[in-house]
Every structure is written in structure tokens, then in C-alpha cells.
Number of protein chains: 2
Amino acid sequence: MANSRSTENSTIQAVDAPSCDVSCDESLVHLDNVRQVQPEVLSTEKAQRMAEFFSALSDPHRLKLLSALAQQELCVCDLAAAVKMGESAVSHQLRVLRSQRLVTYRRQGRNVYYGLADDHIMSLYREVAEHLDE
Amino acid sequence: MANSRSTENSTIQAVDAPSCDVSCDESLVHLDNVRQVQPEVLSTEKAQRMAEFFSALSDPHRLKLLSALAQQELCVCDLAAAVKMGESAVSHQLRVLRSQRLVTYRRQGRNVYYGLADDHIMSLYREVAEHLDE
DNA sequence: GTTACCACTGAACATCTGTTCAGTGGATTG
DNA sequence: CAATCCACTGAACAGATGTTCAGTGGTAAC
């Protein structure tokens with residue numbers, strides 16, 4: 001982190017006080033626009049949580065796993081076979097999906113069966129699929 | 001850019017022969033389940049494209065940029081001020097958003113004004129926000 | 001109890017991502 | 001045209017991500 005220090009910069013600094021933000025210089029930016037928009041900008045905390053959620057969906061293998069689970073419940077070794085990954089890798093990825101509550105799981109004998117947590121997810125999936133088909 | 005070249009191909013290949021898949025061993029996995037699910041699994045190509053899309057949304061700074069643009073059109077330096085980033089960093093991130101057609105842009109004088117490409121995106125945003133509020 | 005299987009975990013490694021810094025190109029102003 | 005501003009780009013670096021490998025814990029079958 002460590003903000004830019006006093007290296008004679010001009011635009012990056014001190015943006016905390018709404019009374020004198022944006023390097024105290026109105027000519028460099030359109031202060032009125034910035035003022036208007038700034039309070040509507042996602043909070044760092046929310047942005048972070050949302051980013052983590054999308055991040056869970058930002059891997060092809062995880063998406064394949066979800067598309068498999070959209071069909072039916074499956075145990076880890078079946079999932080591994082279906083998407084052609086090692087079981088260890090699948091376990092690691094399922095951990096990510098679990099952390100974002102995208103999947104559920106239950107133990108039955110030696111196997112652990114995973115399933116989609118939410119139909120919610122499928123509608124999301126379809127919306128994105130539409131967006132990409134343009 | 002620059003997709004994975006021909007450096008590896010072990011796991012992405014040969015998904016065609018349902019007659020002898022999954023290490024040719026029925027006892028290790030539930031072959032019937034795998035058979036049933038496998039054809040519904042997202043293709044590597046589609047999974048890749050979808051992953052890239054979600055990847056564009058998987059960064060807090062980019063989400064902040066989008067939330068700002070959801071309010072109104074803004075030029076780069078205003079965006080930088082609104083989300084407290086350097087202008088160069090903003091430019092790099094906007095490149096990512098452009099590549100997924102999440103934003104539009106137009107030049108006006110010395111400035112380049114960016115805006116949300118699609119209301120589509122906002123509904124996506126809201127769905128995820130709901131999911132996270134549980 | 002012993003063995004075998006399924007799933008999870010931690011460490012190590014290669015790769016990808018995002019920021020900063022320095023420099024370039026386009027457009028306006030004097 | 002010289003100076004200035006705005007935005008984009010490439011290189012370099014630090015940090016995050018995903019896979020493999022080896023090992024652990026729980027459960028069922030012998």
C-alpha cells in the first residue's frame with residue numbers, strides 16, 4: 001500500500017475531505033461531477049465482497065464444476081472425472097465455491113455429495129450467457 | 001491475451017469418447033452419473049469466455065469504477081478522483097472493462113468519456129448484491 | 001485391528017494480475 | 001509551433017491464484 005509520498009505528484013493525494021478533495025484543484029478535474037458521483041461509489045468493503053464473489057466464478061474449471069452440478073448432485077471423484085481434473089484440484093476449487101455459498105455438500109458414507117446452493121445462480125449464469133452472445 | 005499455447009494439453013483434450021473415459025475404470029467412479037452429466041458440462045471454450053467476463057468483475061477497483069459510471073458518464077481523470085486511484089491504473093482497468101464490453105467510451109476534446117455499456121449489467125449487479133445479503 | 005477408499009489440507013512451484021513509473025500520441029490553447 | 005493537458009501504453013515489480021505432490025483424517029469392508 002503506502003500512498004504516494006511527496007514525490008511532487010498532483011492528482012492522487014488526499015481525497016478524504018469532501019470539502020477539499022481532489023488535490024484541492026478544481027481545474028484538474030470536474031469537481032462537481034466527482035462530488036455528485038463519489039457518495040454513490042461502492043464502499044471498499046462491499047466492493048471487496050462482491051469482487052470475491054465474482055472471483056469465485058472467474059475460473060473455467062469452477063464454471064465447469066458448477067455446470068455439472070446444475071445437472072445433479074455429484075461426489076468429488078465423479079466431478080473430477082466429469083471435468084477432467086485431479087481430485088485434489090477439485091477439492092481445492094470446491095473450497096472456493098463453498099466459501100461463496102455457491103454449492104452445498106453432505107456426507108454419505110465415504111462420499112461427499114455436492115450440489116448447487118441456489119437456483120439463483122443459474123439465472124445469473126443465463127444472464128451472462130446472453131450478454132456473451134452478442 | 002495470448003491464450004495458452006501448445007505447451008500443455010493433457011486435461012483439455014479428448015472429451016469425445018464416452019466408451020472409454022474416466023481412466024477406463026468403473027469401480028473408481030459412478031460411471032453412469034458421469035456419463036449423464038458430462039455432455040452438459042460447459043465446453044472449455046465457453047467456460048473460458050465466461051470466466052474472462054467474471055474475471056473483469058472480480059476486482060474491487062473495477063467494481064467501484066462501474067458503480068461510478070452507473071451514475072453518469074465520466075472522463076478518466078474524474079473517475080480516478082472518484083475512486084481514488086492513479087489515472088494510469090484507471091486506464092489499465094478501463095481497458096479490461098472495455099474488452100468485456102462493460103463500458104462504452106467517446107472522445108470529446110481532450111477528454112474521453114466513459115459510460116456503462118448496458119443496463120443489463122446493473123441487473124446483474126443487483127442480483128449479486130441480493131445473493132450477498134443473506 | 002488392518003486395509004482400502006474418499007476427500008481434505010499444506011507446501012512448493014509456475015503463472016497470472018494489478019500497480020507504479022516513465023514515456024508516447026492526440027487535441028487544445030496561447 | 002510550442003506548451004500543456006488528457007489518456008494510453010509497455011516494462012518491471014510485488015502480490016495473488018491454481019496446480020501438483022505428499023501426507024492426514026474419516027468411513028466402510030475384510
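Here is the naming used below: chain letters follow the sequence lines, and residue numbers restart at 1 for every chain.
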Scan residues 44-54 of chain A against DNA chain D and write down, sorted by residue number, each residue with any heavy atom closer than 4.0 Å; if none is found, say none.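 Nucleic-acid contacts, sorted: none.
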Near DNA chain D, which residues from residues 99-116 of chain A have a heavy atom under 4.0 Å away?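 Here the set is A:Arg107, A:Gly109, A:Arg110.
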Using the test side-chain contact (heavy atoms from CB on, under 4.5 Å), find all partners of [X] that sit at least two apart in sequence or belong to another chain.
X: B:Ser43; value: B:Glu45, B:Lys46
X: A:Gln71; value: B:Val37, B:Glu40
X: A:Val112; value: A:Tyr105, A:Arg107, A:Tyr114
X: B:Ser88; value: B:His92

For A:Tyr113, check ring pair (Phe, Tyr, Trp, His ring centres under 6.0 Å) against everything at least two apart and list the hits.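 With sequence neighbours excluded, A:Tyr113 shows a ring pair (Phe, Tyr, Trp, His ring centres under 6.0 Å) to no residue whatsoever.
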State which residues pass ring pair (Phe, Tyr, Trp, His ring centres under 6.0 Å) with A:Phe53; sequence neighbours excluded, sorted by chain then number.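 Here the qualifying residues are B:His131.
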Rounded to whole angstroms, how far apart are [atom1] on [X] and [atom2] on [N]?
X: A:Glu73; N: C:dA7; atom1: CD; atom2: C1'; result: 16 Å
X: B:Glu87; N: D:dC5; atom1: CD; atom2: P; result: 12 Å
X: A:Leu94; N: C:dC6; atom1: CG; atom2: C1'; result: 13 Å

Results of side chain to side chain donor-acceptor pair (under 3.5 Å) for A:Gln100 - residues two or more places apart only: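 Expected list: none.
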For A:Ser123, what residues pass the side chain to side chain donor-acceptor pair (under 3.5 Å) criterion, not counting sequence neighbours?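 Applying side chain to side chain donor-acceptor pair (under 3.5 Å) to A:Ser123 gives B:Glu127.
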Distances under 3.5 Å only, N/O to N/O: pair up the protein atoms with those of nucleotides 9-18 of chain D.
unit_1 : atom_1 : unit_2  : atom_2 : d
D:dT9  : O4     : B:Ser88 : OG     : 2.8
D:dG10 : O6     : B:His92 : NE2    : 3.0
D:dG18 : OP1    : A:Arg62 : NH1    : 3.4
D:dG18 : OP1    : A:Arg62 : NH2    : 3.0
D:dG18 : OP2    : A:Arg62 : NH1    : 3.4

Under the salt bridge (Lys or Arg N to Asp or Glu O under 4.0 Å) definition, can you give me all pairs with a residue in residues 48-63 of chain A, not counting sequence neighbours?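 Salt bridge (Lys or Arg N to Asp or Glu O under 4.0 Å) check on residues 48-63 of chain A returns A:Arg49-B:Asp133.
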CZ (A:Arg98) with more than 12 external heavy atoms under 6.0 Å: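 Buried by this count: over 12 neighbours within 6.0 Å.
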